[in-house]
Number of protein chains: 2
Amino acid sequence: MSADPAVRREIPDATVARLPEYLRSLSRLAEQGVLSVSSEELSAAVGVRSAQLRKDLSHLGSYGVRGVGYEVDTLAFEISRALGLTQDWPVAIVGMGNLGHALASYSGFVTKGFRIVALFDDDPALRGETVAGVAIQPFRELRSRHGADPIAIGVIATPAAAAQTVCDELVEVGVRSILNFAPAVLSVPEDVDVRRVDLSTELQILAFHAQQKALAGLQPVGAAHALDGCVAHAADPEAVAT
Amino acid sequence: MSADPAVRREIPDATVARLPEYLRSLSRLAEQGVLSVSSEELSAAVGVRSAQLRKDLSHLGSYGVRGVGYEVDTLAFEISRALGLTQDWPVAIVGMGNLGHALASYSGFVTKGFRIVALFDDDPALRGETVAGVAIQPFRELRSRHGADPIAIGVIATPAAAAQTVCDELVEVGVRSILNFAPAVLSVPEDVDVRRVDLSTELQILAFHAQQKALAGLQPVGAAHALDGCVAHAADPEAVAT
DNA sequence: CTCACTTTGTGCATAGGTTCACAAACGTCT
DNA sequence: AGACGTTTGTGAACCTATGCACAAAGTGAG
């Protein structure tokens with residue numbers, strides 16, 4: 001059954017994660033009036049190897065022309081289609097604190113296929129407020145709102161303590177794609193897709209690499225002064241002796 | 001030189017990316033007064049396999065006791081140390097729009113090792129405003145501010161158009177770790193570490209998987225009604241015929 | 001002390017991802 | 001028309017990551 005050619009050919013996760021970058025670069029090229037691009041040029045703009053780009057694109061089909069390159073418009077459309085951006089995705093944001101406000105007014109939301117249909121927050125202070133043309137409602141309105149215009153993607157921007165409850169309710173009304181900004185691991189049925197974005201995790205990964213650079217003094221050339229001001233005190237000289 | 005045992009043993013990137021999750025779960029356990037935890041319990045809380053957890057932890061050293069498990073405090077400290085959280089990381093945020101405000105007041109920042117030392121924005125309307133106890137300054141103050149209290153990590157929360165310029169200036173004053181929220185690929189010297197967090201990319205990845213689920217009707221059991229309200233209209237029936 | 005039981009740490013097999021290198025396919029120029 | 005230079009698409013090799021399964025190392029009871 002998985003060999004059935006009628007089922008869309010499988011695209012590796014690593015490739016899917018890069019497609020949005022390709023699409024963004026292509027959109028910029030299109031704005032600049034560029035009609036055609038080679039894998040070498042596009043990969044340089046995105047910061048990957050050209051072979052990787054070609055292999056990634058080969059998973060979508062053969063949309064390049066040998067000896068020439070890729071037509072910008074065509075490729076952008078095909079990536080959009082593969083990602084599912086040619087259809088409309090109704091999005092709801094739960095939790096309208098600082099982050100929720102930032103997300104709701106983020107322009108990246110509206111650009112491609114995503115449409116904010118509902119904003120939820122139980123804080124009475126936010127009652128009646130409108131962000132980006134959408135009114136903030138109490139979360140208990142989820143069911144009625146959902147019936148009117150089904151939510152495809154739920155964004156959780158609440159404190160960690162509320163995240164699981166909110167998630168359960170979203171799943172209950174049929175939302176199967178969730179983007180979670182709360183620092184909590186959500187448990188969901190296996191047919192629900194959760195992606196987590198965590199600021200603190202990213203910072204910690206940066207800190208790790210910064211420490212590695214500081215421990216082994218492996219700055220290439222002429223970068224010694226940069227290290228100076230960056231990490232002044234060596235961390236735990238006993239580490240070597242265990 | 002890389003075989004020198006004095007240099008901290010190499011930890012795979014995939015492992016580093018999971019360490020913050022382990023640390024978060026351990027912190028919660030510590031708050032609950034739990035003293036000891038097995039790889040089975042901890043891995044369940046984080047959502048990975050127990051073998052994966054054990055292998056990840058083995059990269060840090062042998063901090064478990066066979067037949068017993070891991071002491072929560074000890075393990076939390078060792079992970080913190082491996083990640084570099086036992087030292088202090090001065091952070092600056094550039095761009096104090098909605099997102100910048102959200103980041104500055106995000107509690108995850110202060111919890112572990114990270115300390116906001118400067119907020120920058122050139123918008124005159126923000127002049128004099130204070131967020132989380134730190135005053136917003138014009139970006140040109142970067143150099144003087146940096147001299148006083150060196151910045152280790154720079155967070156870019158500006159529009160995409162300004163990101164590269166801001167990045168160049170940060171690198172110029174010696175910042176070698178950058179967290180970029182702008183939808184732009186930054187070019188930096190190779191000794192500078194950039195991590196990008198992009199909302200729109202995450203949404204697009206979710207959209208892809210949602211579309212996949214809709215195309216192949218592969219909901220496991222009894223989940224048919226959930227699909228109902230989620231994605232109503234089939235996408236592009238011609239795709240099969242190509 | 002010995003035995004039974006638990007849980008870690010790790011060697012090994014498998015799966016997934018990246019890079020190389022080159023044949024196949026296209027446009028162009030003569 | 002044919003030769004030439006360019007660029008794609010992909011097989012194969014390499015590298016990284018995951019999952020299994022078990023020996024090693026500990027605890028506790030008898």
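No hydrogens, no waters, no symmetry mates; every other heavy atom, side chains included, goes into these values. Given the structure is predicted, the values throughout are model-derived calculations rather than measurements. Chain letters run A, B, ... following the sequence lines, proteins first and then strands; every chain starts at 1.
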Out of D/dG9, D/dA25, D/dT27, which nucleotide sits closest to the side chain of A/Arg66? D/dG9
Residue-phosphate contact under 4.0 Å: B/Tyr70 side-chain N/O, D/dG26 OP1/OP2: no
Going by atom types alone, do B/Asp56 and B/Gln52 pair a side-chain donor with an acceptor below 3.5 Å? no
Can you see if the side chain of A/Tyr63 gets near the phosphate of D/dT7 - specifically, an N or O under 4.0 Å from OP1 or OP2? no
Please give me every residue in residues 21-32 of chain B whose heavy atoms get under 4.0 Å of an atom in DNA chain D, ordered by residue number. none
A/Ile11 atom CD1 is separated from C/dG16 atom C1', nearest whole Å, by 16 Å
Run the salt-bridge test on A/Asp198 and B/Arg24 with the 4.0 Å N-O cut-off and return the result as yes or no. yes
Comparing nearest nucleotides in DNA chain C, the 5'-proximal residue of the pair A/Gly67, A/Pro12 is A/Pro12
Residues within residues 33-57 of chain B bordering DNA chain D, heavy-atom distance below 4.0 Å: B/Arg49, B/Ala51, B/Gln52, B/Arg54, B/Lys55
Between B/Trp89 (side chain) and B/Gly84 (backbone), is there a donor-acceptor pair under 3.5 Å? yes
For atom NE2 of B/His59 and atom C1' of C/dG11, their distance in whole Å: 13 Å
Do A/Arg196 and B/Glu21 sit within salt-bridge range, that is, some charged N less than 4.0 Å from a carboxylate O? yes
Donor-acceptor side-chain pairing of B/Ser39 and B/Arg54 below 3.5 angstrom: yes
